[in-house]
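All values derive from a computational prediction rather than experimental measurement.
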Amino acid sequence: VADRPHALRLLCLSLALAVAGSIPFTAVDGILQPVTRAAFLVVAFLILIQAGLTAGVSVTSSWRCFPIPLALFLLWCAATTLWSLSPFTSAARSGEAAFTYLYLHAFTFVLASVAGSIRTCARVVALAFTAVVAFGLLVNVLMFGNPFHFWLNPDVPDRPRFTFGFLHP
């Protein structure tokens, strides 16, 4: 591997961004959430490509062995847009799901090619999720002025829930 430590750092950052993109910045449905998710995932994928290039591993070579059942599931998702009450929303969600699966498939392939051990794989994932928690706490500080935001569901007022932004972990 050409530059293994740098490639592992890039993989950690890539996974952290892919996961952190799911933290909603608003409680209102609208264009901000899907655009934010898509932007984070695209940046994560570009960083994944850079990690692969750094390590001398082709990101797309893993797609040759893409699982057929998963491909059929993604085709089913795309087909459901035909009878959906909101075809645009369904198509966007299907596209997001397909891109997410392709990303995770390629990420797993590159990580397995670069890491060299299960311990290193676990460390990359643990560091990425630690970064997501730190990002979630930062989102809370920026949105609510406090890293620990608790939300009360009106249906269950005796059970406060810790959230990152408007995401219940």
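Interatomic distance, CG of L15 versus CG of L11, reported as 8.5 Å (0.5 Å rounding). Atom CZ of R37 sits about 14.0 Å away from atom CZ of F99, to the nearest 0.5 Å. Taking CG of L104 as the reference point, atom CZ of F109 lies at 15.0 Å (rounded to 0.5 Å). Of the inter-residue distances, the one linking L102 atom CG with L41 atom CG reads 10.0 Å to the nearest 0.5 angstrom.
Hydrophobic cluster of L85: no remaining members, since no ILVMFWY side chain lies below 4.5 Å from it. L82 forms part of a hydrophobic cluster together with W76, W83, judged by ILVMFWY side-chain heavy-atom separations under 4.5 Å. Side-chain contacts under 4.5 Å among hydrophobic residues (ILVMFWY), followed directly or transitively, place L138 together with L142.
The two residues T81 and P87 have their closest heavy-atom pair at O-CB, 3.7 Å. Listed here is the closest heavy atom pair of V57 and S113: CG2-CB, 3.8 Å. For the pair P147 and F162, the tightest heavy-atom approach, listed with the atom from each and the gap, is O-CE1, 3.9 Å.
Counting heavy-atom neighbours within 6.0 Å of L72 CG, excluding the residue itself, gives a total above 12.
Annotation: side-chain hydrogen bond (donor to acceptor under 3.5 Å, both in side chains) contacts of T108 (sequence neighbours excluded): none.
Under a 3.5 Å cut-off, the side chain of N140 and the backbone N or O of T163 do form a donor-acceptor pair. Checking side-chain atoms of R4 against main-chain N and O of A55 turns up no donor-acceptor pair under 3.5 Å. Side-chain atoms of S14 never come within 3.5 Å of backbone atoms of L10 as a donor-acceptor pair (strictly under, hydrogens ignored).
Pairs engaging residues 38-53 under the side-chain hydrogen bond (donor to acceptor under 3.5 Å, both in side chains) rule: Q50-T54 [sequence neighbours left out].
In terms of hydrophobic clustering, with Ile, Leu, Val, Met, Phe, Trp and Tyr side chains grouped at heavy-atom distances under 4.5 Å, V133 and V141 are assigned to different clusters.
Between F148 and F150 there is a side-chain heavy-atom pair separated by less than 4.5 Å. Looking at heavy atoms from C-beta onward, P5 lies in side-chain contact with D3 at the 4.5 angstrom threshold.
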Less than 3.5 Å apart, which donor and acceptor atoms pair up between the side chains of residues 120-131 and the rest of the protein, not counting sequence neighbours?
{"residue": "T120", "atom": "OG1", "partner": "S117", "partner atom": "OG", "Å": "3.0"}
{"residue": "T130", "atom": "OG1", "partner": "A126", "partner atom": "O", "Å": "2.8"}

### Task
Assess whether side-chain contact (heavy atoms from CB on, under 4.5 Å) is satisfied between F45 and L48, documenting all intermediate values.
CA-CA 5 Å; F45 191 74; L48 175 62; 4.2 Å; yes

